[in-house]
There are 2 protein chains.
Amino acid sequence: MTSMSDVPAPRQASRRPTMRDVARLAGVGIKTVSRVVNGEPDVSADTAERVRKAADELQYEPNMHAGNLRRGDGRTHTIGLLVSSVANPFAAQVHRAIERVATERGYAVFATSLEDDPAAERRAITALARRRVDGYVVTPVRDDQSYLQVHLDRGNPMVCIDREPTGIDVDTVVTSNYDSAREAVRHLIAQGHRRIAFLGDLERIQTAQLRRDGYLAELADQGVSPDPALTVLDLHDDTSATAITRRLLTLPDPPTAIFSSQNLVTVGAIRALQQLGAEHDVALVAFDDVESGDLVTPRVTVVAQDPDRIGRLAAERLFARLDGDVSPPRQLVVPTRLVVRGSGEIPGPGRAVATGST
Amino acid sequence: MTSMSDVPAPRQASRRPTMRDVARLAGVGIKTVSRVVNGEPDVSADTAERVRKAADELQYEPNMHAGNLRRGDGRTHTIGLLVSSVANPFAAQVHRAIERVATERGYAVFATSLEDDPAAERRAITALARRRVDGYVVTPVRDDQSYLQVHLDRGNPMVCIDREPTGIDVDTVVTSNYDSAREAVRHLIAQGHRRIAFLGDLERIQTAQLRRDGYLAELADQGVSPDPALTVLDLHDDTSATAITRRLLTLPDPPTAIFSSQNLVTVGAIRALQQLGAEHDVALVAFDDVESGDLVTPRVTVVAQDPDRIGRLAAERLFARLDGDVSPPRQLVVPTRLVVRGSGEIPGPGRAVATGST
DNA sequence: GAATGACCTGACAACGTTGTCGGGCCTCGT
DNA sequence: ACGAGGCCCGACAACGTTGTCAGGTCATTC
């Protein structure tokens with residue numbers, strides 16, 4: 001009866017209805033529609049009902065942008081997230097945790113992957129600022145963040161994650177990189193290792209430096225003099241890590257243990273160990289949990305980060321600021337968890353004589 | 001000289017400058033500022049220079065929302081992405097591919113994780129519609145998407161990924177679930193297996209059904225009658241998968257091979273195999289590449305999806321629609337790649353007599 | 001019976017930007 | 001000298017919504 005033809009879908013592009021259209025159909029003023037849509041008081045029950053029916057019939061969806069423009073606080077209920085690289089499962093987990101908190105509060109999240117490119121950081125911030133996000137969660141990639149101060153001054157809070165920012169004083173949520181690296185190395189030394197190789201990410205990445213510093217500090221503390229030949233930096237993917245690890249292991253005086261300080265690098269190291277059949281002879285402790293790290297043989301001992309907690313804390317800090325918290329910025333350090341699985345407990349040469357020595 | 005104190009940062013919250021402010025400072029009309037900011041012609045070189053300097057001095061950032069509101073096409077240069085679950089590395093990869101294409105075109109991406117919750121799908125769409133995204137990339141979760149037709153009619157294109165939508169006719173980009181499942185099973189049968197277990201995801205998920213259908217069809221085609229006891233559905237995480245796999249393997253007449261049809265389920269299956277020391281005796285082929293699947297022993301043979309290609313194709317389709325493409329919706333099927341690594345080549349009982357039998 | 005106040009409603013301006021349009025100036029051709 | 005046309009520029013309305021405010025109706029109170 002009502003259908004005029006039997007094509008499955010009405011193809012004509014309908015104009016998007018506005019409050020004006022709803023008002024006309026319901027026979028009320030436009031402001032009354034606004035009141036109903038926003039649940040404001042002072043609308044009689046049956047007027048409200050009429051408006052709701054009209055809105056329903058037109059499939060009206062309010063335009064948040066128009067509303068935010070006029071509204072006093074100008075909030076867009078949107079936050080921006082800058083993540084180092086989506087390739088990294090760590091970042092994906094953080095993203096998810098943040099998104100969950102945001103959704104609960106009616107916020108939407110713009111996520112951008114920087115792929116560790118400093119230029120991308122600026123570009124992303126500009127794009128977000130033009131879209132008037134209320135706040136930012138940033139993984140610093142450039143070596144100076146002072147250019148972000150203006151956004152803080154304008155009332156848009158910011159929380160940095162994973163790495164400490166430079167040039168601005170904001171809430172940060174980071175992993176205990178230095179201490180956890182020390183713990184990993186301490187663990188290996190306790191198994192009797194002295195020649196411990198370090199496999200590090202790009203040196204310009206702060207966490208890579210901190211983990212290396214922790215590595216060196218723990219060696220020093222335990223009276224082990226580090227062999228520069230065993231400290232490798234600037235690895236960023238599994239292929240290069242495999243190559244380097246192979247070279248280290250075929251050295252005249254090879255390491256008896258490896259501390260791998262990043263996810264993909266660990267994968268590369270494991271592959272190299274397997275290729276040389278050394279996986280049961282050379283100990284391995286990895287920073288950051290490697291997916292299904294308990295499936296490989298031997299199972300991988302790791303210092304596991306807690307990306308879910310990092311994301312949640314960052315989001316909570318950001319929303320606290322948006323809610324008006326003006327207390328001094330906090331530096332939150334999220335501890336890691338040493339997960340003992342086997343690869344890190346392969347004994348070193350010092351083990352046999354450990355009790356007798358020193 | 002110019003600094004009045006030595007606090008590091010000017011704490012006072014500055015009002016955000018508008019075009020009006022820039023215009024006043026540059027001594028020009030507001031429309032002229034608009035012209036300069038948008039690179040429109042008909043502004044003299046030195047006026048433009050003055051405007052640029054003023055904008056710079058005030059650190060002016062144009063308000064895209066206000067612009068979009070007034071602008072003819074009303075485009076927000078924003079797209080929405082609904083992903084099944086961020087926990088899944090597959091989704092993370094897709095997300096990244098889409099984001100890359102979008103960023104190239106000056107688009108920002110709202111990503112929402114549905115965690116396979118049907119209610120979340122509707123909520124997310126509403127939130128995106130109110131923010132007036134230009135288009136959608138959707139992983140269907142509900143069993144009916146016809147409620148989305150209205151957005152199509154209003155000129156907001158949509159591309160579905162991973163699963164076919166129901167009730168709407170839009171571009172889709174999916175993996176060759178059925179055919180690839182058949183290929184996996186064919187591979188196992190070729191190794192001499194007859195008792196092949198199937199481990200499936202939640203039955204309400206379409207891809208899970210397709211993979212099971214492929215599994216059953218290939219068995220039938222090869223004259224193998226399926227044992228219902230070996231077909232398990234509704235697994236969704238590694239823990240339950242481990243439990244089920246253990247039970248299957250301790251059956252009086254256990255399977256000699258396993259086809260695991262989802263990522264996390266595969267992890268659970270591998271764990272069970274290892275726990276029972278059966279990883280070298282029972283063959284395993286998995287759907288969807290499992291991260292570091294070539295690190296475990298034996299290395300895992302998989303039918304690998306191509307999430308990067310899926311994401312890229314989806315984004316390209318969406319932008320083509322936004323650019324005015326009105327050709328009939330396309331169904332793009334992205335093939336998988338059989339990656340032979342070892343676990344799938346463990347011979348079955350039929351193998352020894354394979355040449356003599358039939 | 002008039003004043004009070006609670007309740008309900010819509011006209012109007014404003015948010016920050018862009019489309020439209022008209023006007024001033026200058027150059028050029030006649 | 002004058003009109004045509006190109007270049008530059010700004011006043012004004014409009015996008016879709018919400019804040020403000022004034023006004024109308026009705027029951028209650030003295």
Side-chain angles (χ1 to χ4, degrees), chain A residues 14-52 54-55 58-78 129-134 154-155, chain B residues 14-52 54-55 58-78 129-134 154-155:
Chain A
S14 45
R15 200 178 58 81
R16 193 188 299 282
T18 69
M19 275 194 175
R20 182 179 229 74
D21 301 315
V22 178
R24 201 148 29 210
L25 181 59
V28 299
I30 173 176
K31 178 68 221 225
T32 299
V33 177
S34 170
R35 273 191 271 259
V36 173
V37 167
N38 295 302
E40 289 172 24
D42 291 340
V43 180
S44 77
D46 58 336
T47 305
E49 187 47 33
R50 271 215 320 289
V51 170
R52 254 188 297 274
L58 296 177
Q59 304 230 51
Y60 169 73
E61 290 285 4
N63 183 334
M64 276 186 72
H65 300 316
N68 295 146
L69 193 57
R70 182 62 179 91
R71 212 184 304 269
D73 58 8
R75 288 275 174 89
T76 57
H77 295 270
T78 296
R130 293 181 170 208
R131 288 183 171 81
R132 295 290 188 268
V133 297
D134 293 339
R154 286 177 185 162
Chain B
S14 46
R15 201 178 57 80
R16 192 188 300 282
T18 70
M19 276 194 173
R20 181 178 230 77
D21 300 316
V22 177
R24 201 149 28 213
L25 181 58
V28 300
I30 173 176
K31 178 68 218 225
T32 299
V33 177
S34 171
R35 273 191 270 259
V36 173
V37 167
N38 294 302
E40 289 172 26
D42 292 341
V43 179
S44 76
D46 60 335
T47 304
E49 187 47 34
R50 270 214 323 287
V51 170
R52 253 189 298 273
L58 296 177
Q59 304 231 50
Y60 169 73
E61 289 285 4
N63 183 334
M64 275 186 74
H65 299 315
N68 295 145
L69 193 57
R70 182 63 180 94
R71 213 186 301 272
D73 59 8
R75 289 276 174 87
T76 57
H77 295 269
T78 295
R130 294 183 169 205
R131 289 182 171 83
R132 295 291 188 267
V133 297
D134 293 339
R154 285 175 185 164

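Protein chains get the first letters and strands the later ones, always in sequence-line order, with residue 1 at the start of each. These figures come from a predicted structure and were not determined experimentally.
Partners of B:Arg132 by side-chain contact (heavy atoms from CB on, under 4.5 Å), not counting sequence neighbours, listed by chain and number: A:Arg16, A:Glu61, A:Asn63, A:His65, B:Thr76. Partners of B:Gln59 under the side-chain contact (heavy atoms from CB on, under 4.5 Å) rule, at least two apart in sequence or in another chain, are A:Val150, A:Arg154. Every side-chain contact (heavy atoms from CB on, under 4.5 Å) that A:Leu25 has, sequence neighbours left out, goes to A:Ala54, A:Glu57, A:Leu58. With sequence neighbours left out, B:Arg24 forms a side-chain hydrogen bond (donor to acceptor under 3.5 Å, both in side chains) with B:Asp21. Looking at residues two or more places apart in sequence or on another chain, you find no salt bridge (Lys or Arg N to Asp or Glu O under 4.0 Å) involving A:Glu40. Scored by the salt bridge (Lys or Arg N to Asp or Glu O under 4.0 Å) test, A:Arg20 finds no partners at all (sequence neighbours excluded). Take A:Asp73 and apply the side-chain contact (heavy atoms from CB on, under 4.5 Å) test, not counting sequence neighbours, and it matches A:Arg71, A:Arg75.
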Please enumerate all protein N or O atoms sitting under 3.5 Å from an N or O of nucleotides 10-16 of chain D, with distances to 0.1 Å.
from, atom 1, to, atom 2, distance (Å)
D:dG10, OP1, B:Gly29, N, 3.1
D:dG10, OP2, B:Gly29, N, 2.6
D:dG10, OP2, B:Thr32, OG1, 2.5
D:dG10, O5', B:Gly29, N, 3.4
D:dG10, N7, B:Arg35, NH2, 2.7
D:dG10, O6, B:Arg35, NH1, 3.3
D:dG10, O6, B:Arg35, NH2, 3.2
D:dA14, N3, B:Arg70, NE, 2.5
D:dC15, O2, B:Arg70, N, 3.3
D:dG16, N2, A:Ala66, O, 3.3

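Between D:dC7 and B:Ser44, no contact under 4.0 Å exists linking OP1 or OP2 to a side-chain N or O. Contact between the side-chain N/O atoms of B:Ser34 and the OP1/OP2 oxygens of C:dT18 is found at a separation under 4.0 Å.
Contacts of B:Asn68 with the nucleic acid, taken as non-hydrogen atoms under 4.0 Å apart, are absent.
Taking atom CG of A:Asp42 as the reference point, atom C1' of D:dG19 lies 14 Å away to the nearest angstrom. In this structure, A:Glu40 atom CD and C:dT9 atom P are separated by 13 Å, rounded to whole Å. At whole-Å resolution of the value, CZ in A:Arg20 and P in D:dT18 are 14 Å apart.
In this structure a side-chain-to-backbone donor-acceptor pair under 3.5 Å is present from A:Arg131 to B:His77.
Rounded to 10 degrees, the angle between the two end axes of the helix from C:dG1-D:dC30 to C:dT30-D:dA1 is 60°, with five pairs used at each end.
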